[in-house]
Number of protein chains: 2
Amino acid sequence: MDIFTTMQEERGRLSQSENRIADIVLNDFEFAVNASIVELAAKADVSPPTVTRFCRRLGCESFSDFKVQLARTAYVGMRYFKPESKSIAPADVAQDIITKAQNALFLLHRGLDISAIEQASNRLAGAEMIYAFGSGGNSSMIASELQNRLFRLGLRVTASSDHSMQLMMAAAAKPTDVLIGSSLSGRNAELVRAFMLAREAKVPTIALTQSQSPVALAAEVTVSVDLPEGNNIYRPTSTRIAYLAVVDILASLVAYRIQPQATVTLRRIKQQLVTHRDGDDRQLLGD
Amino acid sequence: MDIFTTMQEERGRLSQSENRIADIVLNDFEFAVNASIVELAAKADVSPPTVTRFCRRLGCESFSDFKVQLARTAYVGMRYFKPESKSIAPADVAQDIITKAQNALFLLHRGLDISAIEQASNRLAGAEMIYAFGSGGNSSMIASELQNRLFRLGLRVTASSDHSMQLMMAAAAKPTDVLIGSSLSGRNAELVRAFMLAREAKVPTIALTQSQSPVALAAEVTVSVDLPEGNNIYRPTSTRIAYLAVVDILASLVAYRIQPQATVTLRRIKQQLVTHRDGDDRQLLGD
DNA sequence: GAATCCTGCAAATTATTTTCTTGATACGTT
DNA sequence: AACGTATCAAGAAAATAATTTGCAGGATTC
């Protein structure tokens, strides 16, 4: 658990002196991470021992341990608790977006249910045919990404972002197949219906979505991704990066699971691409 | 500049004692970041003052400053200089992928040419029609992502991953249009040809690609993304996350540039999606 | 052989933590 | 309601630990 979260959670239980310290740390991270205990104490108008106690309360060994913990999560977590910068200077916008993306990955990692991921990859690896569903800009990208990654491993897979097709495919699927669907909100009713149909036909179903959402509940295995989406309407993107990472993890696990077969297929595709380019082998799969 | 890079660069100029310290820090980061100067000195079999001198040489104020710097880049940079873990345990695979993705974002940010990004977004914002090109799994995704993001801002945009179409479109484009193309390797010869055609017709061209590559050289404005792609053939993904972030930044800047218009269009699309769902406004654009 | 640089020792300084004490607040008892 | 007790916060001072500086011996290089 990271120190920022701990600080937020403990906030209520802290004494007023400790709260002053927390304030300073949260608001002027740069200062806090470089300051000595005396400087920090002075700025918070408390005594050094109080700072030590504050660190201990937060679960750190010592003040320097606290600083390390702080610096450690800072790069990713720093902006998470701060209001989004209002600046529209290109450099700030860039930094903002990148930090958010890193945050999303950070939070994804923290909340990742490894056993669900493992189950999902096992089913995918054993499927005779895989149907990857998702609609709208984001989830349809995830679906085609799944197709993209899995066909290279020698698996049979098709992606669809078309609700009618999804329903028909779900109805046509067999128990030896797997249906995997993605929905950022978890409230894609048509996807839920496709899952229902599949489950009636005993087709294994996997959802990539928010936990406890309708989509999550409709699927047999749910790899849940719970991230707070920023509320700037221009930027609904960072969550998707987390989804992409999930796909990446899934595909990698599937690859390791069916290794011999995958290596061969991959090599063949790569060969084809390379010779078609300029004979330079540096080029990796799928420009 | 981060401490890991500095350490790598200074490596040759360090004395043997200092090299021993660097070795320990690089190989056992966890230890280094938690150790006191005495412990670290003992492990490297040098005296504490040598450690202090080592830190100074690396441009740090003091040992504790060094530790903070270390902890700071660590979360992202730690694994970058370490051989990739060989473990295929799901938790390790997940961590590996996420760390790599964060690294990619980190390196992207470090190498980002803000003025190029700004130029690119200005052109996009002023275009009468935008052609977004890219082929293969990754770049075609980037192209459609561009379409996805830009049409919401009320811009006219089409994406194509088909080389023949790309050539025809490039030939048909007008000087008031913009052609934007992506290529991870920078060696997509057909995309180069499309750029050439466009430039002949005085159509502004933007490339998202590796700097100094054929594609980069063919375009008028290049937003360069230079990342070392890991060499595990199963995972060519992290670079793409960086590309997505670039698209995100571009789209955001364009949005800010044409704000009034964009807000209206966005709201309309959103309205449409929301009413079509379950009336819950929490749902953000483009599931 | 001189100069430079590395390196450790010991002392000095600085930082951090512990201990002890005071003051405040809350709670229970009369 | 008033008093006493318990509990906790917080600082002062002392103790400890960590870090840095100055210096000198030794190695290496030119």
Side-chain angles (χ1 to χ4, degrees), chain A residues 3 6-74, chain B residues 3 6-74:
Chain A
I3 199 90
T6 317
M7 225 168 346
Q8 295 278 314
E9 280 175 1
E10 290 289 311
R11 207 64 186 281
R13 264 160 290 173
L14 296 178
S15 71
Q16 55 183 51
S17 301
E18 289 173 329
N19 260 315
R20 276 208 302 283
I21 302 173
D23 271 346
I24 286 173
V25 173
L26 252 19
N27 288 321
D28 196 350
F29 163 82
E30 275 307 316
F31 169 81
V33 88
N34 289 313
S36 78
I37 196 170
V38 183
E39 292 167 321
L40 180 57
K43 185 147 180 176
D45 210 16
V46 300
S47 66
T50 304
V51 176
T52 298
R53 286 189 277 259
F54 169 78
C55 300
R56 296 264 160 84
R57 180 171 295 218
L58 259 39
C60 299
E61 277 272 303
S62 63
F63 175 67
S64 54
D65 184 30
F66 171 75
K67 281 217 302 194
V68 166
Q69 301 264 328
L70 201 60
R72 201 162 190 165
T73 28
Chain B
I3 200 91
T6 317
M7 222 163 1
Q8 296 276 312
E9 280 174 1
E10 289 288 312
R11 206 64 187 281
R13 264 160 290 173
L14 296 177
S15 71
Q16 54 183 53
S17 299
E18 289 173 329
N19 259 315
R20 276 208 303 282
I21 303 173
D23 270 346
I24 287 173
V25 173
L26 253 19
N27 288 320
D28 196 350
F29 163 83
E30 273 309 314
F31 169 80
V33 87
N34 289 313
S36 78
I37 196 171
V38 182
E39 292 168 320
L40 180 57
K43 186 148 179 175
D45 209 17
V46 299
S47 65
T50 305
V51 176
T52 298
R53 287 188 277 257
F54 169 78
C55 302
R56 295 267 160 81
R57 180 172 296 217
L58 260 39
C60 299
E61 277 271 305
S62 63
F63 175 68
S64 53
D65 183 31
F66 171 75
K67 282 217 299 193
V68 166
Q69 299 265 330
L70 202 61
R72 202 159 189 170
T73 30

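Letters A, B, ... are given to chains in the order of the sequence lines, protein chains preceding strands, and every chain is numbered from 1. Below, each value reflects all heavy atoms present in this structure, side chains not excepted, and no hydrogens, waters or symmetry copies.
What separates NZ of B:Lys67 from C1' of C:dT16 is a distance of 12 Å, to the nearest Å. Rounded to whole Å, atom P of D:dA9 lies 11 Å from atom CD of A:Gln16. Atom pair A:Glu10:CD and D:dA9:P shows a separation of 12 Å (rounding to whole Å applied). Counting to the nearest Å, the C1' atom of C:dT17 and the CZ atom of A:Phe66 are 16 Å from each other. Spacing between atom CZ of B:Arg20 and atom C1' of C:dT7 amounts to 10 Å, rounded to whole angstrom units.
A:Glu10 has no carboxylate O lying under 4.0 Å from a charged side-chain N of A:Arg57, or vice versa, which leaves the two without a salt bridge.
Summarising the local packing, CD of B:Glu61 is surrounded by 12 or fewer heavy atoms from other residues, nucleotides or ligands at distances under 6.0 Å.
Within residues 50-64 of chain A, the residues approaching DNA chain C are A:Thr52, A:Arg56, A:Ser62, A:Phe63, by heavy-atom distance under 4.0 Å. Of the residues in residues 39-49 of chain A, A:Asp45, A:Val46, A:Ser47, A:Pro49 come within less than 4.0 Å of DNA chain D through at least one heavy atom, sorted by number.
Considering only side-chain N and O atoms, A:Ser36 lies nowhere under 4.0 angstrom from the phosphate OP1 or OP2 of C:dT14.
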Requested in this report: Evaluate the side chain to side chain donor-acceptor pair (under 3.5 Å) criterion for residues B:Ser62 and B:Ser64: first the C-alpha distance (whole Å), next the side-chain angles of each, then the deciding distance (0.1 Å), finally the verdict.
Outcome: CA-CA 5 Å; B:Ser62 63; B:Ser64 53; 3.2 Å; yes
**Asked** Could you go step by step and tell me if B:Leu40 and B:Phe63 meet the side-chain contact (heavy atoms from CB on, under 4.5 Å) rule?
**Response** CA-CA 11 Å; B:Leu40 180 57; B:Phe63 175 68; 3.9 Å; yes
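Judged as a side chain to side chain contact (heavy atoms under 4.5 Å, CB included), and not counting sequence neighbours, the contacts of B:Ala32 are B:Val25, B:Leu70.
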